[in-house]
S.K.: 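Pasting in a structure now, in structure tokens, and then I'll have a few things to ask.
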Number of protein chains: 2
Amino acid sequence: MFQQIKTMFSKSCEYAIKAMIFVAQKSKEEQRVGIKEIAKGTDAPEHFMAKIMQDLSRRKLIHSAKGPNGGFYMDASDLKNSIADIVKAIDGDTIYKDCVLGLKVCSEKNPCPVHFEFKEIKKNLIKMIENNTLAAFNEKLDSGKFFLRNK
Amino acid sequence: MFQQIKTMFSKSCEYAIKAMIFVAQKSKEEQRVGIKEIAKGTDAPEHFMAKIMQDLSRRKLIHSAKGPNGGFYMDASDLKNSIADIVKAIDGDTIYKDCVLGLKVCSEKNPCPVHFEFKEIKKNLIKMIENNTLAAFNEKLDSGKFFLRNK
DNA sequence: ATAATAAAAGAGTTTTTTATCTTTTATTAT
DNA sequence: ATAATAAAAGATAAAAAACTCTTTTATTAT
Ligand code: FES
Ligand code: FES
């Protein structure tokens with residue numbers, strides 16, 4: 001196999017998380033953010049990102065407005081969304097319930113050989129993505145100490 | 001987005017882990033396991049699994065023999081391989097070094113907004129897959145208490 | 001030597017994911 | 001009302017992953 005890339009989340013989901021963090025940061029003062037700005041600010045392909053934003057919008061994780069001065073924005077309640085909510089919206093809730101080896105059922109009664117080993121890991125992962133809301137990121141990281149762009 | 005499936009590992013990697021556990025179990029007494037038996041025992045498509053076994057074999061994670069009475073088998077040193085070795089062979093080592101959001105660099109000096117939150121999770125995940133060798137599984141799970149098939 | 005066996009290799013196809021391009025719809029400002 | 005703006009939607013296209021089928025090579029047993 002060659003330089004294959006398998007990340008924890010899908011590309012779409014990576015973009016979604018980046019975009020949500022990006023808009024969250026700008027949404028502190030009623031600012032609306034256009035798709036072009038989002039794409040640039042996150043190094044994502046514009047039209048692809050547009051599709052993802054439509055998804056997020058349909059799933060009520062973010063607000064949008066058409067027309068002049070339009071764009072995407074978040075209200076206080078949107079900022080309460082967690083990384084987990086984004087992941088669930090885009091990649092689904094498979095990390096919550098699916099067997100790590102892809103078996104049809106994952107349960108204590110029907111465990112695959114890695115079930116018990118992964119149980120703890122999954123629990124921590126889920127706790128982490130659920131505890132980290134966009135608001136929390138905003139608060140924590142308001143001082144240029146983290147990055148979204150690549151270059 | 002529709003019923004999308006994003007698991008921790010690629011499908012190929014899931015199959016690889018299943019196959020390795022399956023052969024490990026049978027390899028305790030010098031038994032060789034044919035590709036058909038492996039595919040059946042793990043609910044994987046035969047020819048696809050064959051490709052994966054070729055990979056694993058090329059990467060020296062398993063032994064194989066052609067011709068009559070041929071098949072795949074493991075020696076003592078093969079049994080020392082961990083889940084991590086399988087994952088690295090098939091999905092690469094991206095979980096070791098890559099940014100969860102897909103940024104080009106992942107480091108303490110250039111952290112993405114989720115870097116520090118994921119650091120701990122990743123550490124635990126890595127520790128877990130490295131500590132779990134096939135031999136350990138064999139020892140631990142020798143009594144029909146876990147499953148690889150789906151039905 | 002020959003036939004049978006089973007993995008290795010090669011050459012596809014199909015499906016899913018990622019990405020691009022175009023048209024439509026809604027909103028705002030003039 | 002009209003023009004400008006920007007998201008929504010639709011329709012393809014390209015790339016990657018998953019899967020299938022066929023041929024070749026190595027090994028064993030007769
Ligand atoms: S059965 Fe495989 S992780 Fe639970
Ligand atoms: S920079 Fe994103 S996880 Fe390290």
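Letters A, B, ... mirror the listed sequences (proteins, then strands); counts begin at 1.
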S.K.: Quick one: B:I52 CD1 to C:dA8 P, roughly how many Å, whole number?
M.R.: 13 Å
S.K.: I'd like to check B:I121 versus B:E117 (side-chain heavy atoms, cut-off strictly below 4.5 Å). Are they in contact?
M.R.: no
S.K.: Please state how far atom CD1 in A:I90 lies from atom C1' in C:dT17, giving the value in whole angstrom units.
M.R.: 13 Å
S.K.: Can you figure out which of C:dA29, D:dA26, D:dA8 approaches the side chain of A:Q54 most closely?
M.R.: D:dA8
S.K.: Would you call B:E120 and B:K123 a salt bridge, taking side-chain N to carboxylate O under 4.0 Å as the test?
M.R.: yes
S.K.: Look at the side chain of A:K11 and the base of C:dT18, then say whether one donor and one acceptor between them are separated by less than 3.5 Å.
M.R.: no
S.K.: Once you apply the 3.5 Å cut-off to both distances, tell me the Watson-Crick or G-U wobble partner of D:dA26, or none.
M.R.: C:dT5
S.K.: So for B:K51 and C:dA9, does any side-chain atom that can act as donor or acceptor lie under 3.5 Å from a complementary atom in the base?
M.R.: yes
S.K.: For A:A50, which contact category applies under a 4.0 Å heavy-atom criterion: base, sugar-phosphate, or nothing?
M.R.: nothing
S.K.: Is any NZ, NE, NH1 or NH2 atom of the basic residue among B:K88 and B:D93 found under 4.0 Å from an Asp or Glu carboxylate oxygen of the other?
M.R.: no
S.K.: For the pair made of CG in B:D55 and P in D:dA17, what is the distance, rounded to whole Å?
M.R.: 13 Å
S.K.: Which base sits across from D:dA15 as a Watson-Crick or G-U pair, both distances under 3.5 Å?
M.R.: C:dT16
